[in-house]
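Here is the structure we will look at.
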Amino acid sequence: MKRLFDEHKIRSVTDLDGSWLFLTDPDRIGEAEGWQNGLENAKSVIVPSVWNNELGLLTYEGYGWYEKVFTTEGGTLRFEFGSVMTQADVWLDGVKIGNHYGAFTAFYIIVNNVSAGEHRLTVRADSSFDSKSFPQRYTDWYNYGGIARDVSVETLKGITILSNHLVYDLSEDLGTALVHAELELYNAESTAVESNACVKLGDTVIYCDKVKLSGNEHITVKTPVQEIKDIKLWTMEEPTLYTIIASTDTDDLIDRTGFRKIEVKDNDILLNGRSIELLGVNRHEEHPEWGFAFPAKLMYRDIDLIKDMGCNTVRGSHYPNSRIFMDMIDESGLLFWSEIPMWGCGFGENALKDPEVVAKGLAMHKEMTKQYYNHPSIVIWGMHNEICTAWECAYDITKQYYEHLRAEGGNRIITHASNHPFDDICMGFNDIICINIYYGWYGYRGSTGKLSDWDEFVVNFEKRLKEQGWFGKPVIMSEFGAGALAGFHSPFDTVRWSEEYQRDLLEHCLELFHRTDYMRGTYIWQFCNIRTSPSMDINRVRYFNNKGILDEYRNPKAAYYKVKELYTRYAKEGK
Ligand code: ADA
């Protein structure tokens with residue numbers, strides 16, 4: 001299930017989820033031996049899934065081959081893959097048709113002149129790392145491999161719609177919107193075609209005109225600006241969504257959007273003109289049984305738990321989440337932070353100075369903004385997380401990514417999550433300043449390991465903000481927390497790994513950040529425990545990151561109830 005609604009009523013779509021053949025290729029001999037012409041001695045697996053949950057394959061890293069036979073009426077086909085981890089090579093009937101890098105965004109491949117009948121689709125997923133990988137090998141989540149989100153094949157006819165952004169600008173009183181669409185059109189025929197192209201927003205036609213494209217031509221149409229009155233806003237309490245239907249004589253694309261305004265003004269974050277305090281958690285789209293092939297039913301459960309805790313926002317750490325989850329978030333009224341998997345000190349200086357790596361990150365940002373543009377719940381774009389932002393090379397990257405997100409990312413706040421509060425040189429770009437730091441858990445130079453380190457931090461960081469001229473930008477504590485082993489209790493408040501220590505640390509932090517005027521929000525690390533990479537070594541008991549306020553099966557720890565009490569109170573009293 002790709003979305004919560006049908007994206008097409010005219011275009012014919014065949015779901016390719018379900019049973020596929022699967023074979024590992026640890027010696028990387030498959031292509032030379034012609035596996036793209038048919039897999040032998042393969043087993044049957046269910047797609048979407050990750051292979052690490054198959055018996056004996058938990059730690060398998062490298063090539064995994066998948067094959068599916070399907071039937072088509074023929075013509076121009078568009079194959080869409082929601083997520084292949086991390087690199088995909090794709091063949092149709094033994095002929096290579098495409099390649100994609102990046103685990104967390106969708107990609108598609110168009111093939112013309114396919115004959116009617118049965119065909120074989122082969123995918124080789126590669127989960128291995130090299131010096132240019134995103135993320136790099138050293139990372140604090142599990143490196144799953146496989147086809148983790150849905151696959152489909154569609155038949156394209158005549159002039160078709162590849163993407164559609166609904167761009168809008170709200171009036172001062174937020175009651176009227178100036179809207180236009182950016183429609184990406186493709187002629188699936190090899191000869192010229194003329195067609196009507198229309199865009200409807202709810203019941204209102206905002207564009208309808210004749211378009212003519214030459215054979216296989218690909219264009220983007222920016223439609224004229226229209227004024228829409230009596231806008232019903234997307235708010236946290238009433239997240240009103242509008243359906244956007246783009247259509248031609250032979251094709252369509254359906255999506256949803258919502259009208260809302262997010263802005264930063266005088267040390268404040270405003271949603272639809274109202275000051276908000278971000279009360280959030282970081283969440284990985286991960287479960288020990290399913291890895292990154294996260295079931296839709298459980299997504300709803302996570303959202304219920306997040307809302308029950310009193311949160312009004314989630315950070316999709318550390319990569320674009322599935323579109324269906326974003327549909328649910330749009331409906332929930334939660335605000336969302338979306339980012340790319342540019343994670344941490346895994347990206348050393350060599351990687352950050354490598355133009356290929358930088359370009360890969362930019363390509364990921366481009367895919368994220370293109371695919372997620374219409375989701376109203378996404379109010380924050382995250383450029384990167386905990387790379388060494390004290391370095392000049394990080395400054396250049398940040399500038400490049402910021403410029404792209406500003407130009408292409410719609411009405412969103414742009415930031416990065418920094419663990420360099422005292423020597424970061426990139427914060428000047430950001431609309432809000434976001435800090436990840438773990439006093440009371442990790443030992444930092446100069447820290448005493450006590451919770452009072454936090455109080456000193458708040459004072460010292462304010463000094464730095466003033467020195468740099470950044471004071472006045474809202475500050476968000478984007479990560480802080482402590483590990484707790486579910487079920488381990490201690491009456492002594494200093495015993496690490498106990499549920500009580502985690503609860504008390506979070507209480508200390510939340511109370512301090514809530515009463516600190518220059519701070520405007522918190523994202524606790526983290527919603528629930530996650531399986532992590534063996535590269536984290538003994539730092540991670542059970543090879544899990546245990547800082548969840550729920551365990552990995554979503555059972556609450558003591559901190560859950562404390563967070564719920566505090567977030568509920570903060571929402572009532574305001575900042
Ligand atoms: C970092 C990182 C998280 C997680 C966390 C931790 O801040 O961004 O992904 O690894 O540290 O638990 O140490």
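Throughout, residue positions are numbered sequentially from 1 according to the sequence presented. Scope of the values below: all heavy atoms of this structure, side chains included, with no hydrogens, waters or symmetry mates.
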Establish, for the pair [X] and [Y], whether the NZ or CZ atom is under 6.0 angstrom from the six-membered ring centre and no further than 45 degrees off its axis.
{"X": "Arg3", "Y": "Phe325", "value": "no"}
{"X": "Arg412", "Y": "Tyr373", "value": "yes"}
{"X": "Arg315", "Y": "Tyr523", "value": "no"}
{"X": "Lys360", "Y": "Tyr101", "value": "yes"}
{"X": "Arg149", "Y": "Phe81", "value": "no"}
{"X": "Arg260", "Y": "Tyr168", "value": "no"}

Practice task
Can you run down the salt bridge (Lys or Arg N to Asp or Glu O under 4.0 Å) pairs that involve residues 198-227, sequence neighbours left out, and say none if there aren't any?
Solution key: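 Sorted result for residues 198-227: Glu227-Lys229.
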
Take atom [atom1] of [X] as the centre, draw a 6.0 Å sphere, and report whether it contains more than 12 heavy atoms from other residues, nucleotides or ligands.
{"X": "Lys575", "atom1": "NZ", "result": "yes"}
{"X": "Trp290", "atom1": "CH2", "result": "no"}
{"X": "Asp266", "atom1": "CG", "result": "no"}

Handout entry: Student check: side-chain heavy atoms of His404 and His365 closer than 4.5 Å
Key =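 Yes, at least one pair of side-chain atoms sits under 4.5 Å.
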
Exercise for the section: Work out which heavy atom in Glu479 is nearest to a heavy atom in His318; give both atom names and the distance. Expected result: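 Smallest heavy-atom distance, with atoms named: OE2-CE1, 3.4 Å.
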
Handout entry: Minimal non-hydrogen separation, Asn321 against Gly316, with atom names
Key =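 Result for this residue pair: ND2-CA, 4.0 Å.
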
Practice task
Apply salt bridge (charged side-chain N to carboxylate O under 4.0 Å, His left out) to the pair Asp89 and Lys96, showing each step before the final yes or no.
Solution key: CA-CA 7 Å; Asp89 288 291; Lys96 183 89 161 265; 3.3 Å; yes

Practice task
Could you label the plane-to-plane angle of the His416 and His384 rings as parallel, tilted or perpendicular, counting under 30° as parallel and over 60° as perpendicular?
Solution key: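 His416 vs His384 ring planes: tilted.
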
Problem - Asn216 and Tyr186 side chains, donor-acceptor separation under 3.5 Å - result: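 Side chains of Tyr186 and Asn216: pair found under 3.5 Å.
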
